[in-house]
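Single-structure report; data block below.
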Protein chains: 2
Amino acid sequence: MSLDRSADDLLDRAFAALADPVRRSIVARLSRGPATVNELAEPFEISKQAISKHIQVLEQAGLVSRTREAQRRPVHLDPAQLEAVTAWIDRYRLIHEEQYRRLDALLESSEDTGGKEEKR
Amino acid sequence: MSLDRSADDLLDRAFAALADPVRRSIVARLSRGPATVNELAEPFEISKQAISKHIQVLEQAGLVSRTREAQRRPVHLDPAQLEAVTAWIDRYRLIHEEQYRRLDALLESSEDTGGKEEKR
DNA sequence: CTCTTTATCAACCGATTGATTGACTAACCT
DNA sequence: AGGTTAGTCAATCAATCGGTTGATAAAGAG
């Protein structure tokens, strides 16, 4: 355990994990509190093994953790990785917004210098 | 075109699109402003066709759009879908945080009453 | 110890994915 | 018209993914 994955690898896994509707549904359920595999499997038609695999995918993405509690393995949400995902998106959303603002300002203030500060 | 996809389908596609490091890199580049396929392909070792496919994936996820400009097809970022992705995550992050707050309050108030209000 | 519950492991299967190469279309330039 | 530039389409291939069934492990209950 604790395979010290690179941050990019974790981001890959987190985005990929959230790309599946079943896994997103599991995350949604877990946001209300921990649950066992059986509880998580209950709303779906698919087998418990398939759900178990989905949980492993979420776990390797750092999105959930499992603890032991008798023969049950309660799964709980790990919000830090969710934050990392939004952080990545917000970073580039903000850069884009800023670029847009600059373009607007440029168009508004001076159309005479024809400066080309694109690229990079 | 314009296949009127369901919101869930778009979310699936958006998360899946962002799960690939090449595509995230493309999004990062586009946050600085529009670019052509050749410009986007330049930093990578892979073929231009592969980049073209990546752009198609981003496009079908609603993350970017393409326009025509002579024989070039400039790609630009479409921030609305990025917002939709963060919106999904933030929704459940907040629910989880709220649950946590409630649990804390419960534990604090029943510190001496031997509270046994566990689930099950 | 045996039985039940809870969950994972292992092997397998069809569909999808990321990449390649080669042929093609579209617009511009002489 | 012919050539160049920019990009997509099509066929192919190995690897990964989501799901299945069957066997197994681990802990509690009788």
Side-chain angles (χ1 to χ4, degrees), chain A residues 1 3 5 8-27 29-30 34-61 63-76 118-119, chain B residues 1 3 5 8-27 29-30 33-61 63-76 118-120:
Chain A
M1 51 196 100
L3 280 193
R5 287 189 240 288
D8 273 0
D9 189 28
L10 260 191
L11 257 193
D12 286 2
R13 289 169 191 267
F15 275 116
L18 295 172
D20 186 284
V22 171
R23 287 192 294 258
R24 280 207 306 284
S25 183
I26 289 176
V27 167
R29 166 63 187 79
L30 291 177
T36 66
V37 175
N38 272 331
E39 287 166 350
L40 291 172
E42 198 262 320
F44 301 100
E45 293 298 302
I46 63 180
S47 69
K48 199 173 52 170
Q49 288 95 323
I51 296 292
S52 194
K53 275 200 205 174
H54 280 307
I55 293 170
Q56 279 184 58
V57 171
L58 289 166
E59 192 177 28
Q60 295 191 335
L63 290 165
V64 309
S65 307
R66 281 182 284 190
T67 52
R68 256 240 118 90
E69 185 181 284
Q71 71 270 58
R72 267 159 251 111
R73 309 286 311 275
V75 185
H76 62 89
E118 287 294 312
K119 305 277 152 203
Chain B
M1 293 300 154
L3 279 192
R5 289 188 235 290
D8 273 0
D9 189 27
L10 260 191
L11 256 194
D12 286 2
R13 289 170 190 265
F15 275 117
L18 295 172
D20 186 285
V22 171
R23 287 192 293 259
R24 279 208 306 285
S25 182
I26 289 176
V27 168
R29 165 63 186 81
L30 291 178
T36 66
V37 175
N38 272 330
E39 286 166 351
L40 292 172
E42 197 263 319
F44 301 100
E45 293 298 301
I46 63 181
S47 68
K48 199 172 55 171
Q49 288 94 325
I51 297 292
S52 193
K53 274 202 207 173
H54 281 305
I55 293 171
Q56 279 184 58
V57 171
L58 289 166
E59 192 176 27
Q60 295 191 336
L63 290 165
V64 309
S65 307
R66 280 184 283 191
T67 53
R68 256 238 120 93
E69 184 180 285
Q71 70 269 60
R72 267 160 248 107
R73 309 287 311 274
V75 185
H76 62 90
E118 278 304 302
K119 50 173 56 260
R120 243 293 33 135

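In what follows, chains are A, B, ... by sequence order, proteins preceding strands, each numbered from 1.
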List in numerical order all residues of residues 19-27 of chain A for which some heavy atom is under 4.0 Å away from an atom belonging to DNA chain C. none
Just to be sure I understand the geometry, which residues of residues 49-56 of chain B put a non-hydrogen atom under 4.0 Å away from DNA chain C? Gln49(B), Ala50(B), Lys53(B), His54(B)
At their closest point, which heavy atom of [X] faces which heavy atom of [Y], and how far apart are they?
X        : Y        : answer
Arg29(A) : Pro34(A) : NH2-O, 3.7 Å
Val75(A) : Leu30(A) : O-CD2, 3.4 Å
Ala61(B) : Ala17(B) : CB-CB, 4.0 Å

Ignoring the backbone of [X], work out which of [options] is nearest its side chain.
X        : options                  : value
Thr36(A) : dT20(C), dC28(C), dA7(C) : dA7(C)
Asn38(A) : dT20(C), dG28(D), dA7(C) : dA7(C)
Ser47(B) : dT20(D), dT21(C), dT6(C) : dT21(C)
Gln71(B) : dC28(C), dG7(D), dA27(D) : dC28(C)

Just how far, in rounded Å, is [atom2] of [N] from [atom1] of [X]?
X        : N       : atom1 : atom2 : answer
Arg73(A) : dT5(C)  : CZ    : C1'   : 15 Å
Arg68(B) : dG7(D)  : CZ    : P     : 9 Å
Gln60(B) : dT17(C) : CD    : P     : 10 Å
Lys48(A) : dG19(D) : NZ    : P     : 16 Å
Asp9(A)  : dT16(D) : CG    : P     : 13 Å
Glu59(A) : dA7(C)  : CD    : P     : 13 Å
Glu39(A) : dT6(C)  : CD    : P     : 9 Å
Arg72(A) : dG28(D) : CZ    : P     : 9 Å

Any donor-acceptor N/O pair, Arg23(A) side chain to Leu18(A) backbone, under 3.5 Å: no
If I take atom NE2 from residue His54(A) and atom CG from residue Asp20(A), how far apart are they, to the nearest 0.5 angstrom? 4.5 Å
From Lys53(B) atom NZ to Ile55(B) atom CD1, the distance as rounded to the nearest 0.5 Å: 13.0 Å
Both Glu69(A) and Val37(B) contact DNA chain D. Taking the nearest nucleotide for each, which residue is further toward the 5' end? Val37(B)
Evaluate the side-chain contact (heavy atoms from CB on, under 4.5 Å) criterion for residues Thr36(A) and Glu69(A): first the C-alpha distance (whole Å), next the side-chain angles of each, then the deciding distance (0.1 Å), finally the verdict. CA-CA 10 Å; Thr36(A) 66; Glu69(A) 185 181 284; over 6 Å; no
Please list, one pair per line, the donor and acceptor atoms closer than 3.5 Å that link side chains of residues 40-48 of chain A to other protein atoms, with sequence neighbours excluded.
{"residue": "Ser47(A)", "atom": "OG", "partner": "Ala50(A)", "partner atom": "N", "Å": "3.2"}

Do Leu63(B) and Val57(B) pass the side-chain contact (heavy atoms from CB on, under 4.5 Å) test, and can you show the C-alpha distance, the side-chain angles, and the key distance before you say yes or no? CA-CA 9 Å; Leu63(B) 290 165; Val57(B) 171; over 6 Å; no
